[in-house]
Amino acid sequence: MTAVRPAADPPRVLAIHCHPDDLEIQCGGTLWRLADLGCEITLATLTAGDLGSADRTREEIAAVRRAEAQRSADLLGAAYDCLGLNDLTITHDDASRRVVTAAVRRARPDLILTAPPVDYMSDHEVTSRLVRDAAFAASVPLYECGEPPTEQVPYLYYCDPLGHAGPLGEPWRPGIVVDVSDQIERKLELLACHESQRSWLRKQHGIDEYLAGARRWSAARGEVIGTDYGEGFRQHIGHPHPTDDLLGTLLSAVRPPGAV
């Protein structure tokens, strides 16, 4: 049986990931489509990216990256919430769960977009688990985190992992793909706000394809549904989350061959 939850029209959206720039890479085009529908959007990151520099202190780079994340959110017309946890220390524990639950309660979303449960680093994978827990806990009145409980369990969707594969190279198959062909340049504009991350990747990993990589991954997802660019998602349908496909319905998403 399909479980349906009433949602605002247009729905409130919380897009929450670990670090500044993760959301722009993995769902920036979809966020633009939701913004164009008039959705109230909150972008949230668990950390400020406080280890993302070779020549600044943690406090300095955190301030820079918070400002870049806020600039991206302003461009989108969204709110931004940094939860204040630290890079490479994201832990699946009760203290972290309460921090993330408080963020969900502040945003009061009908629909959440978040990190996939498998990805190339632990911070991302633990973020996914914390958000899953928080989406459930947010409506539990006796679970205290300093914010009032929500009224219902939201729709929950996982973005594609980086490179569309798990940590051992296993392919990640999306359940739906959103066509973002008309939004690709605006997606890259959001990502370009994160200039310090591009500089960090050049120095630390010898990579200077920050924007080109995001374009290429979006093109690969678009190809599977016959469009120029796309972004993939899988819906969390475990009890008690709603199981009708709100995101797919809103954006006329396509179920690609081999979808799960």
Side-chain angles (χ1 to χ4, degrees), residues 1-18 22-23 26-27 30-31 34 37 39-46 79 81 83 85 90-119 124-161 166 172-178 231-253 255 259-260:
M1 178 180 294
T2 300
V4 179
R5 296 283 190 277
D9 184 19
R12 291 182 300 274
V13 176
L14 171 63
I16 178 169
H17 210 307
C18 191
D22 287 332
L23 290 167
Q26 293 174 294
C27 62
T30 298
L31 289 171
L34 292 168
L37 290 178
C39 293
E40 178 184 327
I41 299 174
T42 298
L43 307 183
T45 61
L46 271 66
D81 189 3
L83 277 55
L85 302 181
I90 305 301
T91 305
H92 186 251
D93 59 18
D94 185 56
S96 300
R97 186 181 300 110
R98 290 179 193 271
V99 169
V100 179
T101 301
V104 173
R105 289 180 175 180
R106 284 192 294 273
R108 311 193 77 77
D110 300 293
L111 187 155
I112 295 177
L113 307 179
T114 195
V118 296
D119 210 342
H124 288 194
E125 294 182 340
V126 179
T127 292
S128 181
R129 182 62 187 272
L130 287 170
V131 174
R132 171 185 166 179
D133 288 355
F136 181 94
S139 64
V140 177
L142 295 183
Y143 190 69
E144 297 179 357
C145 62
E147 300 286 347
T150 57
E151 292 77 27
Q152 59 194 24
V153 177
Y155 292 78
L156 176 62
Y157 290 82
Y158 303 114
C159 302
D160 280 334
W172 169 272
R173 294 182 177 178
I176 58 171
V177 176
V178 174
E231 292 171 345
F233 300 89
R234 285 178 67 171
Q235 184 176 2
H236 185 90
I237 57 174
H239 176 79
H241 288 270
T243 57
D244 62 307
D245 183 9
L246 177 61
L247 181 64
T249 299
L250 284 170
L251 302 182
S252 300
R255 287 186 60 82
V260 291

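Every value quoted in this text rests on a predicted model; they were computed, and no experiment measured them.
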Exercise. Output, in order, the C-alpha distance, side-chain angles, deciding distance and verdict of side chain to side chain contact (heavy atoms under 4.5 Å, CB included) for H241 and I237.
Key: CA-CA 6 Å; H241 288 270; I237 57 174; over 6 Å; no
Practice problem: Dump the intermediate steps for side chain to side chain contact (heavy atoms under 4.5 Å, CB included) on L251 and L34, then the final yes or no. | Solution: CA-CA 8 Å; L251 302 182; L34 292 168; 4.2 Å; yes
Exercise. Determine, stepwise, if the pair F136 / R97 fulfils side chain to side chain contact (heavy atoms under 4.5 Å, CB included).
Key: CA-CA 11 Å; F136 181 94; R97 186 181 300 110; over 6 Å; no
Quiz item: Is there a side chain to side chain contact (heavy atoms under 4.5 Å, CB included) between Q235 and D245 once you walk through the steps?
Solution: CA-CA 8 Å; Q235 184 176 2; D245 183 9; 3.9 Å; yes
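Counted within 6.0 Å of CG on L83, heavy atoms from surrounding residues, nucleotides or ligands total more than 12; the atom is thus considered enclosed. Enclosure of atom CD in E125 by more than 12 non-hydrogen atoms of other residues, nucleotides or ligands within 6.0 angstrom is indicated. By the neighbour-count criterion of 12 heavy atoms within 6.0 Å, atom CZ of R173 is sparsely surrounded, having that number or fewer from other residues, nucleotides or ligands.
Every residue meeting the side chain to side chain donor-acceptor pair (under 3.5 Å) condition with D119, not counting sequence neighbours, appears here in chain and number order: H124. Legend: residues meeting side chain to side chain donor-acceptor pair (under 3.5 Å) with S96, ordered by chain and number and at least two apart, are D93. Every residue two or more places apart in sequence or in another chain was checked for a side chain to side chain donor-acceptor pair (under 3.5 Å) with S128, and none qualifies.
For R108 (side chain) and P149 (main-chain N/O), a donor-acceptor pair under 3.5 Å exists by modelled atom type. The backbone N or O of C159 sits nowhere less than 3.5 Å from a side-chain atom of Q26 that would complete a donor-acceptor pair. T114 places a side-chain N or O within 3.5 Å of a backbone atom of I16 that can act as its donor or acceptor partner.
Just one of T101, T42, D81 meets the side chain to side chain contact (heavy atoms under 4.5 Å, CB included) condition when paired with R106; it is D81. Just one of Y157, Y158, Y155 meets the side-chain hydrogen bond (donor to acceptor under 3.5 Å, both in side chains) condition when paired with H236; it is Y158. Of the options P242, C39, P11, a side chain to side chain contact (heavy atoms under 4.5 Å, CB included) to D110 is made by P11 and by none of the others.
Among all heavy-atom pairs drawn from I41 and L31, the shortest one is CD1-O, 3.6 Å. Shortest non-hydrogen contact noted between P109 and V104 is CD-O, 3.2 Å.
Salt bridge absent: E144 and R98 never bring a charged side-chain N and a carboxylate O closer than 4.0 Å.
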